[in-house]
Trainee: 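The following block contains the structure, expressed as structure tokens.
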Amino acid sequence: MAPMSKYEFNSIEKKWQQYWAEHNTFAAQNESDKPKYYVLDMFPYPSGAGLHVGHPLGYIASDIYARYKRHKGFNVLHPMGYDSFGLPAEQYAIQTGQHPRKTTKENIARYRQQLDTIGFSFDWNREVRTSSPKYYRWTQWIFMQLFESWYDYNADKARSIPELISIFSSEGNTSVNAACDAEVSDFSSEEWNDFSEEKQQKILLQYRLTYLAETEVNWCPALGTVLANDEIVNGVSERGGHPVVRKKMKQWSMRITAYAQRLLDGLDKIDWPQPLKDSQTNWIGRSEGASITFDVKDHDATIEVFTTRPDTIFGVSFMTLAPEHPLVSKITTEAQKEKIEAYVEATAKRSERERMADVKTISGEFTGAYAEHPFTKEPIPIWIGDYVLASYGTGAVMAVPAGDQRDHDFARHFDIPIPDIFEGVDISEEAYAEKDSTPLMNSDFLDGLSYNEAVNKAIEALEQQGAGKGKINYRLRDAVFSRQRYWGEPFPVFYKNGLPQLIDAKHLPLTLPEVSAYLPTEDGQPPLGRADKWAWDSEKNEVVENNKIDDETVFPLELNTMPGWAGSSCYLFRYMDPNNEEQLAGEEALQYWQNVDLYLGGSEHATGHLLYSRFWTKFLHDRGVLQVDEPFKKLINQGMILGDSAFLHRINAGYYQLEDEVSIQDLNDFFENFDAVFDSTLLGRIVSWNLLEGKKVEDAIAGEKYKLTDVFELKKVVDFFEGTGFDARRVYFTTSKIHVPVQYVDAKNSLIMKDFISWYQDELINDIRFENGNSSYDVSREVEKMSKSKYNVVNPDDICEQYGADTLRMYEMFLGPIEQAKPWNTAGITGVHSFLKKLWKLYHGGENGSFQVSDDAADKESLKTLHKTIKKVEEDIENFSFNTSVSTFMIAVNELSAQNCNQREILEPLAILISPYAPHIAEELWEKLGHNGSISKVAFPKFEENHLVESSKEYPISFNGKMRFTMELPLDMSKDDIEAAVMTHEKTEQYLEGRTPKRVIVVPGKIVNIVG
RNA sequence: GCUGAAGUGGUGGAAUUGGUAGACACGUUGGACUUAAAAUCCAAUGGCCAGAAAUGGCCGUGCGGGUUCAAGUCCCGCCUUCAGUACCA
């Protein structure tokens, strides 16, 4: 008797994962006759929480595509690595004193094991880790290239600093059209050559593509570091949600603004989702207009403004400067001084968030000074107001109350005249916004002209007067590149006389020093200030102890480290040649792999990583390192997988009110009476989480102020659940919601929850003296982001254990379109799992389910099913419509089962078709079919049209557009014959009810519609 | 406010150029097998109405219009949800 053969997915999957590892099945070659294809996933940050089912979604999709491309005869590069520098590891280090290197290594090991379980076809020989010195020496090297470059607008590319020096020494800087600091002054070649070395270096720093400058930065006091614009969400830090303030600091910046136009233009050449392109376009924020210079009366000063409406120049009735504008203190008159200073101070105190929150309030002060209108020479009062942003344009605006709503509101509020400049428009209530056709009036030489003509004429006139010129302005800011943190790439920079110097590239990597603690020093230096061995000996070219600094040969090293996006900006190129000791990647490797053909990742990186990466790629292209000038040809955003959360809602609850803002002392007093404090925002989560982890509440909230709106006693809740089998640690509380893991809200636990609710009402509410004790409760579900702190995480390991990786892979694809956000619902997984069992059965039709395939010729029906499936699956993969190909497989297996198909002619190609999706079962079946070697190397089945050719079609017959019945008719039947056949059908008569049809529409092969 | 995406059964979602709306799956209901359960298999399943049944009718893709022989799909005007962005001169 043949042995019983069940679908033992666990042992099958282990067997093939081992086989792939041993045989190096997915190693990509840098030379091949085959065409190349590069499939890349955004590499993960290896967090301590491990992967949840949302993370692999994109990896599965890209893996299917990579495997498909291999079947299609491509040499596929499909690598994986880790973005392993970052904040969480460092914060964990601060708490526990463990070296971030250690926790990072552990987390990576856990990630690797989880990834292996899912059966990805990654080429692990090429793994990169951004925190490894082997890797970050190239991050440092790119930084050095940026330092050694400047941007030439005339050539529209980056060039080397030595070239710039030679221009300076032969022509000075007047002919140079470069991206540089605004305050660079003109000099001749003679002057340049006479400058001291120090002065020359200072000037060069104003031109370098990465430069050190005093800039206003987003400072996050809680994190003790600066943040980039894209690391701030709604005015608070993306990580941790801490407040952010503006602060002036000396920082490294990247001159990404030099590339603004090319970053914009490049979007046309790449195949990215339109929403993503749009957000980059908005982020870069190009606007066309003019820059106009106004003389300040009685001062040797000018105010430069940027405007998109130079045509409204005769409507200017005042000017507004940002309170931070450098001219404010110079031009303010004695009489206005007090008021202005008070206003400037008040503005400085307000955080960016507060300023944002209260856009409606109009405020400002008159400086007492006047500017001169470039044409009428009339005096224009100069105001300051916080609606003008120092960080955009020139930090000053010419105010045209007739044409701009904010200027209009400001003018009305402060009773400033509103010159009427649009013909036939009443601007007494609101500013007039329509710009295209309305002619101007009271505008001297612009009278009667409409927008387009007037703009050009105004710019022309301004240029003649030397008072302005046409200008394109960008919203994009230079990117701050310094972080006051430990766990990041050190800068290969030391300071000589306060000026930055690069260490020689051949001494890279400059490795991260050991420090005694991962916190800033007492005098506010970044953590690297704690390192004892952190000075550069420029003669020996090595790192030496700080106490050897002599300012002659031994110098202090930079204490900042690079931001998170440094390591991720060019990692795609390192995968091409990850072990190269001489270069970022060898020329042949770069030549062969070019750039990424398909990139998968989340849309949250739209304006961060994806912009910086494009910037660095264009830069390295300019400097001849790369041939390509875009990193990612095609990009797909995978949607987030959301978690299903269950809540207990308290209805009609009263509040136990504390003061709005409380200090740590208040809280400590409070804790004497209560074990825990919760509110509806951050605090509830931080506190409950830390408390459950056994940490003190004070530690969790040290240094912060929170609004408290609700209070109750956690310990009693925990006590209640003790002995019920219900894990109370998994219940999570906020003001109005009690968050319960989904698996507990079922019939078995509803009784416990019911008890809990009534107990909670009786005990706790009375205890805590809610103002209104008559509360009731309700259980509901909500879909929200999957996160450890929300108790709605589903772990892929559990799914693999219970159903297998193939089921997980197919189910994640089956959930819906890859780009769409969708909730995870484990309930539906059984459908996919039983599909795989049915597939297995198809090959095991022998006695007791033993393996059995026949070598007989397949019948027509089975061939039709097979080729229909080949066609559809191929189209689906090409269109990234993975969800529909899963149903196609289901249909195929259902049909083949019904046909009792067991022919090799069908079952072999079927196994190949399915192998990108369910590689383990496919390998096993392939082996059972008698093949040696991995199925992943086999050619994709060829679609043959002739198996699908039909001789007849079941025509839907419609009357006035409504489908009434169908008729089987030959496909080669002529239009007239079809009409005749339909008209003689007995049912036709019935539906016509004796009327004569007005018209009969026959679309051969599609439909018949009778209009009556 | 601006920009973008999306609204289809109880649920996730199909419908590639306008041509049989609801594929495939979950769930639910009924049945088979079983002492029972699990597993497996079979059947039904958008709503309403008529009929014992076969079957037939009406309504139906966020709302209101329009184009067309024919609209989930195209056009115009709204509503809602989600995401990004925000005093950008």
Side-chain angles (χ1 to χ4, degrees), chain A residues 229-230 233-235 273-283 285-287 289 305-309 312 319-320 322 355-356 358-362 385-389 391-400 403-407 409-410 473-476 603-604 606-607 637 639-640 810-811 814-817 819-832 834-835 837-838 841 872 875-876 878-879 881 883-892 894 954-966 990 997-1003 1005-1012:
Chain A
N229 284 343
D230 62 275
V233 178
N234 295 328
Q274 196 56 43
L276 205 148
K277 286 189 183 182
D278 289 340
S279 60
Q280 289 214 345
T281 305
N282 291 338
W283 191 263
R286 176 190 156 108
S287 52
V305 301
F306 172 76
T307 176
T308 53
R309 299 297 305 273
T312 62
M319 304 193 68
T320 317
R355 247 168 104 169
M356 266 164 51
D358 128 88
V359 168
K360 290 277 167 333
T361 319
I362 297 163
D386 68 0
Y387 80 95
V388 177
L389 303 177
S391 56
Y392 181 75
T394 59
V397 300
M398 62 174 219
V400 183
D404 183 281
Q405 194 56 48
R406 291 153 306 168
D407 297 344
D409 295 344
F410 196 87
N473 199 48
Y474 298 93
R475 198 190 80 114
L476 185 71
S603 56
E604 66 274 19
T607 50
N637 287 132
M640 210 185 317
M810 289 200 102
Y811 185 57
F814 190 58
L815 278 174
E819 305 205 4
Q820 195 174 301
K822 47 209 165 271
W824 176 269
N825 177 7
T826 312
I829 204 166
T830 52
V832 172
S834 55
F835 155 74
K837 284 198 261 189
K838 271 187 234 166
K841 255 192 181 162
K872 178 84 170 104
E875 284 168 0
D876 283 346
E878 299 280 2
N879 294 323
S881 176
N883 55 327
T884 50
S885 39
V886 177
S887 28
T888 304
F889 286 128
M890 289 175 171
I891 294 167
N894 286 345
E954 191 160 330
Y955 278 90
I957 314 299
S958 306
F959 290 79
N960 294 321
K962 275 187 189 137
M963 208 284 285
R964 292 302 182 181
F965 62 93
T966 59
Q990 180 191 323
K998 286 196 203 117
R999 231 176 121 187
V1000 179
I1001 312 274
V1002 178
V1003 185
K1006 285 242 162 103
I1007 199 169
V1008 177
N1009 191 16
I1010 298 161
V1011 188

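Sequence lines set the chain letters: A, B, ... in the order given, protein chains first and strands last, and positions in each chain run from 1. Since the structure is predicted, the reported quantities are computational estimates derived from the model, not experimental observations.
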Trainee: Touch check for A:Val1003, heavy atoms < 4.0 angstrom, all strands: base, sugar-phosphate only, or nothing?
Mentor: base
Trainee: Extract the stems that RNA chain B is part of, considering only consecutive pairing runs of at least three Watson-Crick or G-U wobble pairs, both distances under 3.5 Å.
Mentor: B:1-7 with B:79-85, B:10-12 with B:24-26, B:27-32 with B:40-45, B:46-50 with B:55-59, B:62-66 with B:74-78
Trainee: Counting heavy atoms from C-beta on, name the nucleotide in B:A5, B:U85, B:G19 closest to the side chain of A:Asn1009.
Mentor: B:G19
Trainee: Measuring only the P atom in each nucleotide, how far is B:U16 from B:C26? A whole number of Å is fine.
Mentor: 24 Å
Trainee: Quantified in whole Å, what is the P atom distance between nucleotide B:G31 and nucleotide B:A37?
Mentor: 12 Å
Trainee: Could you check which of B:G19, B:A21, B:C87 has an atom nearest any side-chain atom of A:Met963?
Mentor: B:A21
Trainee: For nucleotides B:U28 and B:A39, find the distance between their P atoms and express it as a whole number of Å.
Mentor: 12 Å
Trainee: Give me the distance, rounded to whole Å, that separates B:A14 from B:U20 when you measure between the C1' atoms they each carry.
Mentor: 15 Å
Trainee: Write down the distance separating the P atoms in B:A21 and B:C59, rounded off to the nearest Å.
Mentor: 13 Å
Trainee: Please report the distance separating the C1' of B:A44 from the corresponding atom of B:G9, rounded so that it comes out in whole Å.
Mentor: 15 Å
Trainee: So which nucleotide from B:A89, B:U20, B:C41 ends up closest to the side chain of A:Lys838?
Mentor: B:C41
Trainee: Take atom C1' in B:A89 and the same atom in B:C2, then report the distance between them in whole Å.
Mentor: 15 Å
Trainee: Given B:U40, B:G19, B:C24, identify the nucleotide with an atom nearest to the side chain of A:Ser887.
Mentor: B:C24
Trainee: How does protein contact run along nucleotides 54-64 of chain B, one letter per nucleotide 5' to 3', with B for base contact, S for sugar-phosphate only, - for none, heavy atoms under 4.0 Å?
Mentor: --SSSS-----
Trainee: Considering only B:A89, B:U20, B:C88, which nucleotide approaches the side chain of A:Val388 most closely?
Mentor: B:A89
Trainee: Using the side-chain heavy atoms of A:Thr830, tell me which of these nucleotides is nearest: B:C24, B:U20, B:C26.
Mentor: B:C26
Trainee: Check the angle between the aromatic planes of A:Phe959 and A:Phe965 and answer parallel, tilted or perpendicular using the 30° and 60° thresholds.
Mentor: tilted
Trainee: Polar atom pairs between nucleotides 8-17 of chain B and protein, under 3.5 Å, N or O only, would you list them?
Mentor:
{"from": "B:G12", "atom 1": "O2'", "to": "A:Leu815", "atom 2": "O", "distance (Å)": "2.6"}
{"from": "B:G13", "atom 1": "OP1", "to": "A:Gln820", "atom 2": "NE2", "distance (Å)": "2.6"}
{"from": "B:G13", "atom 1": "O3'", "to": "A:Asn883", "atom 2": "ND2", "distance (Å)": "3.4"}
{"from": "B:A14", "atom 1": "OP1", "to": "A:Asn883", "atom 2": "ND2", "distance (Å)": "2.9"}
{"from": "B:U16", "atom 1": "N3", "to": "A:Glu875", "atom 2": "OE1", "distance (Å)": "3.3"}
{"from": "B:U16", "atom 1": "O4", "to": "A:Glu875", "atom 2": "OE1", "distance (Å)": "2.7"}

Trainee: Would you say A:Tyr392 places a side-chain N or O within less than 4.0 Å of OP1 or OP2 belonging to B:A89?
Mentor: yes
Trainee: Considering only B:A89, B:U20, B:G4, which nucleotide approaches the side chain of A:Pro956 most closely?
Mentor: B:U20
